[in-house]
Trainee: 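Take a look at the following structure, please.
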Amino acid sequence: MADDLQHDILIVGGGGAGLRAVIAAAEAHPDLDIAMVSKVYPMRSHTVSAEGGAAAVIKDNDSIEEHIHDTISGADWLADQDAVELFVNEAPREMIQLEHWGCPWSREEDGSVAVRPFGGMRIRRTWYAADKTGFHMLHALFQTSLKHTAVKRYDEWFATRLLVEDGRCQGVIAIEMRTGEVHAIRARSVIMCTGGGGRVFPFTTNAAIKTGDGMAMAYRAGVALKDMEFVQYHPTGLPGTGILITEAARGEGGILVNTEGRRYLEDYNLGEPVPIDDPRHPQLRTMELGPRDKLSQAFMKEQDAGRVFSGEYGTYTHLDVRHLGEQLIMERIPFVRELAKNYAGIDPVHEPIPVRPVVHYMMGGIHTNTDGETSLPGLFAAGECACVSINGANRLGSNSLTELLVFGKRAGLSAAEFAREHPDLDTDGLEAQRADEEASIAARFRTPRDGGERLATIRRELNATMEEGAGVYREESGIRATTEKVGELKERFENVGIDDHSKSFNTELTTAIELGFLLDVGEAVAHSALERTESRGSHQRTDYPDRDDDQFLKHSLAFRTDGAPRIEYADVTITNWPPAERTYGN
Ligand SMILES: Cc1cc2nc3c(=O)[nH]c(=O)nc-3n(C[C@H](O)[C@H](O)[C@H](O)COP(=O)(O)OP(=O)(O)OC[C@H]3O[C@@H](n4cnc5c(N)ncnc54)[C@H](O)[C@@H]3O)c2cc1C
């Protein structure tokens, strides 16, 4: 069935980045026809679950230079410094704007915006709304977007493929989940804001919807995925579920303890411990607030030394916040208490919380410039699915929420310009692509198959091989085995069969398509990791333990081919901060 769905700008994703892009485009260009597609109702996007906060310079003891420096060194010098400068400079204005749209930032006693310490930052600069920051940010953005009543929303529509015609992105193909119909939504420009893909790993803080869809769609359309080998493990997730215990718990004074009852980070050159009777100590070069990559690596070393606990859901250490007292816990990190009670069965006021490293964030993503442009004309990207790059080899906690605002807005504005300059769309060609996608979905997933592969088996095997070969520590034979396994799984995926052939809200069908996306993301991660024979940030090779700036002060670019991806490299932009050693000890 041919459609007549057409817009000037189409934003795929209703999280923080997508909504910020919508608002920017709608405010600056009220005459343009804007639409947004989201596979879940926008308020259910993963941004809602962010707890700790968003970084921006606001206090007198802080400076733009300090935030830039922390971000670049946190990134182990792999961030593009022009992008970081732009980001840090635009961040405070965006955060104040968000308050004007209704985001209730927590306050100091004198009424000024409160900031908390976060990992890898030498100065407190993380704004927060208790420990439900993402919820409040997304709410403020969503309600502001609703003021632009002309914006058309396709909620619970699932994008499966980019429409590319005449070398230009001209929209997406999407399944309307309520009816199961496959539509072409034509657009003069498209912005991917589809978030990360942590679900490629078994233990993750990421919601089940974070399956790297936008990354895979861009990759399939010939756009490079940049720096995919850099996967962030957050040091404090709950074993079993992977539910995040926010860094704010350590920012407020929580400490990490091993089976011997010791603050084991003392052994890892991460600075002096803050005395535990003084949780608000101003000195921030403290062990528990070291960057996430280093803390996750310390856990693995403790595990090797046999100093971690072992439980039903694997190994863990203790995060102890008892010394903060019930009042501070309830005031600053009430959600941590709620999560620990509900999902670990303990009350952190009286007992330590079991924690382990879990996959949290992908530094890599769709290769864009600072305006969100990709190499495919008409295609833009922002948020976690994009790689600008400000995060380099290791993102600093609380930079991501701010990144959604700064780069969501920039992508919205540049996509609007592009749409104005490129009014023509190839309607017939796009309809042919839609028909082709509909037929392919029907043939692969809507007809019964005997003896087909099971989705769950392939997903489990993918998760296991990613953790085994491309986890916190990596080495050649392990990564190579993972690349081979992912290749095998991709072949087996061609024979996958599903049981549900109904049309309405067929989540088995969308899960199958998501698994296809995950396989592409896993492939890009594993191959990029294999080629980078150095250790930098979150990418730690036991066979190449040193950082090698001569060869690898470079972004990797993974291009899809019919076989293994082709890996190329691009220069990192250095402006005023020459590569230096990354130190956190005093
Ligand atoms: C538990 C948790 C806590 C965090 N805490 C913090 C924090 O305190 N500070 C910080 O800076 N960062 C934090 N992060 C990271 C940060 O929250 C995310 O990186 C960020 O919110 C991602 O926003 P986004 O807009 O890029 O994508 P998301 O919010 O993930 O939204 C993606 C959107 O894309 C849509 N979508 C995806 N695929 C499709 C498809 N195929 N078709 C249609 N729509 C699609 C989804 O429906 C959704 O609307 C946290 C992350 C997690 C998981």
Side-chain angles (χ1 to χ4, degrees), residues 10-21 36-56 91 116 118-119 126-129 131-135 137-138 141-142 153-162 172-177 185 191-199 204-207 209-217 232 234 236-238 241-248 251 292 335 339 358-363 365-366 381-386 391 395-405 407-408 411 510 513-514 516-517:
L10 182 67
I11 289 121
V12 186
L19 288 169
R20 187 66 189 90
M36 188 176 90
V37 182
S38 179
K39 68 179 177 180
V40 296
Y41 191 72
M43 274 307 295
R44 304 190 64 166
S45 306
H46 189 74
T47 301
V48 81
S49 62
E51 300 166 28
R116 64 167 39 127
F118 242 65
T126 299
W127 307 32
Y128 57 97
D131 56 1
K132 294 198 170 76
T133 307
F135 169 83
M137 287 180 67
L138 198 61
L141 288 166
F142 188 45
R153 288 221 323 272
Y154 296 93
D155 292 343
E156 299 183 327
W157 283 49
F158 184 103
T160 61
R161 183 166 130 184
L162 293 178
V172 302
I173 298 175
I175 301 172
E176 180 181 11
M177 291 174 68
I185 311 177
I191 315 178
M192 277 289 159
C193 300
T194 46
R199 284 274 156 177
T204 175
T205 63
N206 283 196
I209 51 174
K210 296 199 73 167
T211 44
D213 306 9
M215 295 180 189
M217 281 185 258
Q232 178 165 80
H234 194 294
T236 59
L238 294 180
T241 58
I243 286 173
L244 175 75
I245 298 300
T246 172
E247 198 158 291
R292 293 174 177 176
F335 195 43
L339 290 173
V358 290
V359 165
H360 186 53
Y361 184 87
M362 292 207 160
M363 272 65 80
I366 303 167
E384 191 173 339
C385 73
N391 299 310
R395 170 181 74 100
L396 288 192
S398 77
N399 266 351
S400 169
L401 289 175
T402 320
E403 176 179 3
L404 308 180
L405 303 175
F407 292 103
T510 48
I513 298 170
E514 286 172 343
F517 292 145

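Just follow the structure's listing: the first ligand is 1, and inside any ligand the first atom is 1.
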Trainee: Would you give the length of the straight line joining atom CD of E51 to atom CG of L401, rounded to the nearest 0.5 angstrom?
Mentor: 11.0 Å

Trainee: For ligand 1, which atoms, with element, lie under 4.0 Å from some heavy atom of G14?
Mentor: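 What qualifies from ligand 1 is 33 (C), 48 (C), 49 (O).
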
Trainee: Answer side chain, backbone, both or neither: which part of C193 comes under 4.0 Å from ligand 1, heavy atoms only.
Mentor: backbone

Trainee: Please answer whether the main-chain N or O of I245 pairs with a side-chain N or O of T236 as donor and acceptor at a distance below 3.5 Å.
Mentor: yes

Trainee: With side chains defined as the heavy atoms from C-beta onward, is the minimum distance between L404 and R20 less than 4.5 Å?
Mentor: no

Trainee: Does D131 use its side chain to pair, donor to acceptor, with the backbone of F335 at less than 3.5 Å?
Mentor: yes

Trainee: Check each atom of ligand 1 against the heavy atoms of S45 and keep those under 4.0 Å away; list them by number with element.
Mentor: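 Listed by number with element, the hits are 29 (O), 31 (O), 48 (C), 49 (O).
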
Trainee: Compute the shortest N/O to N/O distance between M217 and ligand 1 and return yes if it is under 3.5 Å, no if not.
Mentor: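 No, no N or O pair falls under 3.5 Å.
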
Trainee: For V359, does its backbone N or O pair with a side-chain atom of T204 as donor and acceptor, under 3.5 Å?
Mentor: yes

Trainee: Check whether any N or O atom of A382, backbone or side chain, sits under 3.5 Å from an N or O atom of ligand 1, and answer yes or no.
Mentor: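 There is no such contact.
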
Trainee: Would you check if the distance from the ring center of F118 to the ring center of Y128 is below 6.0 Å?
Mentor: no

Trainee: Would you mind running through ligand 1 and noting each atom that sits below 4.0 Å from a heavy atom of V40?
Mentor: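 Result: 47 (O).
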
Trainee: Please round to the nearest 0.5 Å and tell me the distance separating atom OG1 of T510 and atom CZ of F517.
Mentor: 10.5 Å

Trainee: Taking N206's backbone N and O only, do any of them form a donor-acceptor pair with R199's side chain (distance below 3.5 Å, no angle check)?
Mentor: yes

Trainee: Considering only protein heavy atoms, which is closest to atom 12 (N) of ligand 1, and at what distance to one decimal place?
Mentor: R395 NH1, 3.4 Å

Trainee: Heavy-atom distances under 4.0 Å are what count here, so tell me which part of M43 touches ligand 1: side chain, backbone, both or neither.
Mentor: neither

Trainee: Any atoms of ligand 1 less than 4.0 Å from a non-hydrogen atom of D213? List them with their elements.
Mentor: 38 (N), 39 (C), 40 (C), 41 (N)

Trainee: Under 4.0 Å from a heavy atom of G15: give me the atoms of ligand 1 that qualify, with their elements.
Mentor: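 It comes down to these atoms of ligand 1: 25 (O), 29 (O), 31 (O), 33 (C), 49 (O).
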
Trainee: Answer with yes or no whether the side chains of E403 and N391 bring together a donor and an acceptor at under 3.5 Å.
Mentor: yes

Trainee: Looking at residues at least two apart in the chain, or sitting in another chain, which of them share a ring-ring contact (aromatic ring centres under 6.0 Å, His included) with F135?
Mentor: H139

Trainee: Say whether E384, considering both its backbone and side-chain N or O atoms, lies within less than 3.5 Å of an N or O atom on ligand 1.
Mentor: yes

Trainee: Just need the protein heavy atom nearest to atom 29 (O) of ligand 1, so name the residue and atom and give the distance.
Mentor: T47 OG1, 2.5 Å

Trainee: Tell me whether ligand 1 is touched by T133 - counting only heavy atoms on the residue side and a distance under 4.0 Å.
Mentor: no

Trainee: Just say parallel, tilted or perpendicular for the rings of F142 and Y41, cut-offs at 30° and 60°.
Mentor: perpendicular

Trainee: Which heavy atom of the protein is the closest neighbour of atom 8 (O) of ligand 1, given with residue, atom name and distance?
Mentor: G52 N, 2.9 Å

Trainee: Are any non-hydrogen side-chain atoms of I175 and I513 less than 4.5 angstrom apart?
Mentor: yes

Trainee: For atom 9 (N) of ligand 1, what is the closest protein heavy atom, and at what distance to 0.1 Å?
Mentor: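 Result for atom 9 (N) of ligand 1: G53 O, 2.8 Å.
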
Trainee: Using a 4.0 Å cut-off to any heavy atom of A17, which atoms of ligand 1 qualify?
Mentor: 25 (O)

Trainee: Atom CZ in R395, atom CD in Q232: separation rounded to 0.5 Å?
Mentor: 5.0 Å

Trainee: Applying a 4.0 Å heavy-atom criterion (strictly less than), which segment of H360 is in contact with ligand 1: side chain, backbone, both, or neither?
Mentor: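 It is the side chain that gets close, since no backbone atom is under 4.0 Å.
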
Trainee: Taking C-beta and beyond as the side chain, do F158 and D213 meet within less than 4.5 Å on heavy atoms?
Mentor: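 Yes; the side chains approach each other to less than 4.5 Å.
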
Trainee: I'd like to know whether ligand 1 has Y128 as a neighbour, heavy-atom separation below 4.0 Å.
Mentor: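 Contact check Y128 vs ligand 1: negative.
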
Trainee: Could a heavy atom of G134 be found less than 4.0 Å from some atom of ligand 1?
Mentor: no

Trainee: Closer than 3.5 angstrom, by distance alone: can the side chain of S38 be matched with the main-chain N or O of V40 as a donor-acceptor pair?
Mentor: yes

Trainee: Kindly confirm or rule out an N or O of I209 lying under 3.5 angstrom from an N or O of ligand 1.
Mentor: no

Trainee: Hey, are the side chains of M43 and L138 touching, using non-hydrogen atoms and a 4.5 Å cut-off?
Mentor: yes

Trainee: Determine whether more than 12 heavy atoms belonging to other residues, nucleotides or ligands lie under 6.0 Å from atom CZ of R44.
Mentor: no

Trainee: Looking only at protein heavy atoms, which one is nearest to atom 30 (O) of ligand 1, and what is the separation?
Mentor: H46 CB, 3.4 Å

Trainee: Hey, is ligand 1 close enough to L404 that some N/O pair sits below 3.5 Å?
Mentor: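 Between L404 and ligand 1 (N or O atoms, distance only) the closest approach is not under 3.5 Å.
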
Trainee: Would you mind listing which atoms of ligand 1 come within a distance below 4.0 Å of any non-hydrogen atom of G383?
Mentor: 26 (O)

Trainee: Atom 13 (C) of ligand 1: which protein heavy atom is closest, and how many Å away?
Mentor: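 For atom 13 (C) of ligand 1, the nearest protein heavy atom is A50 CB, 4.0 Å.
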
Trainee: Between G13 and ligand 1, does any nitrogen or oxygen pair lie at a separation below 3.5 Å?
Mentor: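 No; every N/O pair is 3.5 Å or more apart.
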
Trainee: Under a heavy-atom criterion of less than 4.0 Å, does G196 contact ligand 1?
Mentor: no

Trainee: For ligand 1, which atoms have a heavy atom of T194 less than 4.0 angstrom away?
Mentor: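 Near T194, the atoms of ligand 1 are 32 (C), 34 (O), 36 (N), 37 (C), 38 (N), 39 (C).
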
Trainee: Apply side-chain hydrogen bond (donor to acceptor under 3.5 Å, both in side chains) to E514 and list each qualifying residue two or more places apart in sequence or on a separate chain.
Mentor: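 In terms of side-chain hydrogen bond (donor to acceptor under 3.5 Å, both in side chains), with neighbours along the sequence ignored, E514 is linked to K39.
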
Trainee: Evaluate S400 for polar contact with ligand 1, using N/O atom pairs at a separation under 3.5 Å.
Mentor: yes

Trainee: Using heavy atoms and a threshold below 4.0 Å, how should the contact between Y361 and ligand 1 be classified: side chain, backbone, both, or neither?
Mentor: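 The answer is the side chain of Y361.
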
Trainee: Geometry only, no angles: is S49 polar-contacting ligand 1 at N/O separations under 3.5 Å?
Mentor: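 N/O-N/O distance under 3.5 Å: no.
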
Trainee: Nearest to atom 47 (O) of ligand 1, what protein heavy atom do you find, and at what distance?
Mentor: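 Checking every protein heavy atom, the shortest distance to atom 47 (O) of ligand 1 gives S38 OG, 2.8 Å.
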
Trainee: Of the protein's non-hydrogen atoms, which lies at the shortest distance from atom 10 (C) of ligand 1, and what is that distance?
Mentor: L401 CG, 3.3 Å

Trainee: Could you say whether the N/O atoms of G18 and ligand 1 ever approach to under 3.5 Å?
Mentor: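 So ligand 1 has no N or O lying under 3.5 Å from an N or O of G18.
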
Trainee: Assess whether a salt bridge exists between K210 and E384, defined as any Lys/Arg side-chain N lying under 4.0 Å from an Asp/Glu carboxylate O.
Mentor: yes

Trainee: Does the N or O separation between C385 and ligand 1 drop below 3.5 Å for any pair?
Mentor: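 There is no such contact.
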
